[in-house]
Amino acid sequence: MRKITREVKIGNKKIGGNNPILVQSMTNTDTHDIEKTIEQIRRLEAEGCDIIRVAVPDMEAAEAIKEIKKNINIPLVADIHFDYRLAIKSIENGADKIRINPGNIGREENIKKVVEIAKEKGIPIRIGVNSGSLEKEILHKYKGVTAEAVVESALKNVLILEKLGFYDIVISLKTTNVPLTIEAYKLASSKVDYPLHVGITEAGTIEAGTIKSAIGIGTLLYLGIGDTIRVSLTGDPVHEVRVGRQILRSLGLLKEGVEVISCPTCGRTKIDLIKLAEEVEKRTRNIKKPLKIAVMGCVVNGPGEAKEADIGIAGGVGEGVIFKKGKVYKKVKEEELVEELMKEIEKLLEEDS
């Protein structure tokens with residue numbers, strides 16, 4: 001059962017409470033290049049990204065937020081390190097949330113200035129703790145990076161904001177180690193009711209990082225922990241969004257869009273199933289209505305094994321069948337299978353509209 005956390009507003013979205021779990025990503029463009037950054041964010045929006053974060057390393061990047069915000073439709077998070085003035089300028093220029101560690105922003109008066117403008121503008125603050133940035137005294141106390149060390153660092157930073165009367169807080173406690181990350185989030189969830197942003201940091205390349213993220217994020221979500229997620233992959237951030245949405249869909253936490261199920265193939269497969277499955281996935285990616293589509297290797301088991309699918313195809317020798325809810329609908333030549341399937345999908349979508 002999902003833990004109900006404090007509700008926090010981020011631009012035109014809400015997280016926590018009973019709100020949907022949202023998928024976040026981060027641009028890998030140079031924030032100074034406004035045109036490229038906007039173009040990438042729009043691609044991410046089209047894939048279903050709910051919240052986007054941009055790096056703000058200097059004042060020029062903070063100024064760029066103003067133009068970027070005008071040209072996107074999803075909430076924008078400014079990623080700030082060390083310089084409190086960048087946080088203030090980012091908020092002034094339209095950032096919907098800022099990500100900082102109050103402990104590395106400097107003196108309390110600097111933190112207070114950030115909190116004052118965040119309060120005035122109704123902007124939440126995410127405290128982002130990573131295993132690689134823990135305070136020396138905490139590392140010494142716990143003799144290295146442990147779940148307890150990560151949580152203590154986060155709560156130490158939370159306390160700084162709470163003492164200033166600020167409670168629109170989101171927390172993340174990411175590490176590169178899956179079991180450690182899971183334990184840290186479980187511990188934090190037992191101690192606070194702030195929304196948690198969940199992820200495995202520096203998860204790796206698309207293949208390895210997808211596996212690590214699916215295990216880590218998926219486990220936490222299954223335990224009811226997490227209000228936003230970010231899959232951290234080395235590559236085009238579009239993959240982060242696709243994987244994040246698939247994790248949610250696999251757990252039944254996202255009803256929107258298409259789920260393609262396909263068999264792993266075996267000696268009975270006499271059709272190019274891999275190519276078919278990839279093409280169906282590509283052709284149906286932008287469908288928003290919930291739909292389960294099966295791509296199966298043989299007529300012997302295909303329709304029966306995938307009878308829970310709304311519609312599907314199963315291969316034969318040079319031909320295949322289209323089936324609906326496990327019942328064969330019609331036979332089609334192999335080269336026409338995808339086109340005929342798409343026509344039948346269109347009919348289903350029209351019936352539901």
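Along the sequence shown, the residues carry numbers beginning at 1. Not measured: the values here are computed from a predicted model.
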Side chains of residues 310-319: which donor-acceptor partners sit under 3.5 Å, not counting sequence neighbours?
| from | atom 1 | to | atom 2 | distance (Å) |
| --- | --- | --- | --- | --- |
| D310 | OD1 | K325 | NZ | 3.1 |
| D310 | OD2 | K292 | N | 2.7 |

Minimal heavy-atom distance between V241 and C49, with the atoms involved, is CG1-N, 3.5 Å

Closest non-hydrogen atoms of L161 and I125, given as atom of the first, atom of the second and distance, are CD1-CG2, 4.0 Å

Sorted by chain and residue number, the side-chain hydrogen bond (donor to acceptor under 3.5 Å, both in side chains) partners of E120 (sequence neighbours excluded) come out as none

Distance col, row I287:CD1 vs I345:CD1, nearest 0.5 angstrom, shows 5.5 Å

Residues passing the side-chain hydrogen bond (donor to acceptor under 3.5 Å, both in side chains) test with E278, sequence neighbours excluded, are none

E137 meets the salt bridge (Lys or Arg N to Asp or Glu O under 4.0 Å) criterion, sequence neighbours left out, with K156

Applied to residues 201-212, the side chain to side chain donor-acceptor pair (under 3.5 Å) test, sequence neighbours excluded, yields none

Heavy-atom closest pair (S153 atom, E135 atom, distance to 0.1 Å) is OG-OE1, 2.8 Å

- State, without any angle test, whether T228 and Q24 hold a side-chain donor-acceptor pair at a distance under 3.5 Å. no

In terms of heavy-atom contacts, does NZ of K288 have more than 12 from other residues, nucleotides or ligands at under 6.0 Å? yes

*Does atom CD of E35 have more than 12 heavy-atom neighbours, drawn from other residues, nucleotides or ligands, at distances under 6.0 Å?*
no

Smallest heavy-atom separation, T5 atom then Y194 atom, equals CG2-O, 3.7 Å

Note: with side-chain heavy atoms under 4.5 Å as the link, the other cluster members for I138 come out as Y142

Applying side chain to side chain contact (heavy atoms under 4.5 Å, CB included) to E67 and not counting sequence neighbours gives I34, K70, N71

Atom CG of residue position L159 - does it have more than 12 heavy atoms of other residues, nucleotides or ligands inside 6.0 Å? yes

Sequence neighbours excluded, the answer for side-chain hydrogen bond (donor to acceptor under 3.5 Å, both in side chains) partners of T181 is T175

Residues at least two apart in sequence or cross-chain that pass side-chain hydrogen bond (donor to acceptor under 3.5 Å, both in side chains) with D96, listed by chain then number, are K69

For K333, the side chain to side chain contact (heavy atoms under 4.5 Å, CB included) test, sequence neighbours excluded, returns E335, E336

Using a strict 4.0 Å threshold on nitrogen-to-oxygen distance, state whether E350 and K347 make a salt bridge. no

Note: A309 and I261 closest approach over all heavy atoms is CB-CD1, 4.4 Å

Residues passing the salt bridge (Lys or Arg N to Asp or Glu O under 4.0 Å) test with K330, sequence neighbours excluded, are E340, E344

salt_bridge(E279, R283) N-O dist < 4.0 Å: yes

Under a side-chain separation threshold of 4.5 Å, the hydrophobic residues clustered together with L22 are V8, I10, I15, I51, V77, V170

### Query
Does a salt bridge link D227 with R2, judged by any charged N lying under 4.0 Å from a carboxylate O?
yes

**Prompt:** Are R85 and E92 within salt-bridge range, i.e. N to O under 4.0 Å?
**Reply:** no

For S90 and I65, the nearest pair of non-hydrogen atoms, with its separation, is OG-CD1, 3.5 Å

E256/R245 ion pair, N-O < 4.0 Å: yes

Checking T29, T27, T31 against T37 for side chain to side chain donor-acceptor pair (under 3.5 Å), the one that qualifies is T29

The residue among L164, I80, I98, I123 that forms side-chain contact (heavy atoms from CB on, under 4.5 Å) with V114 is I98

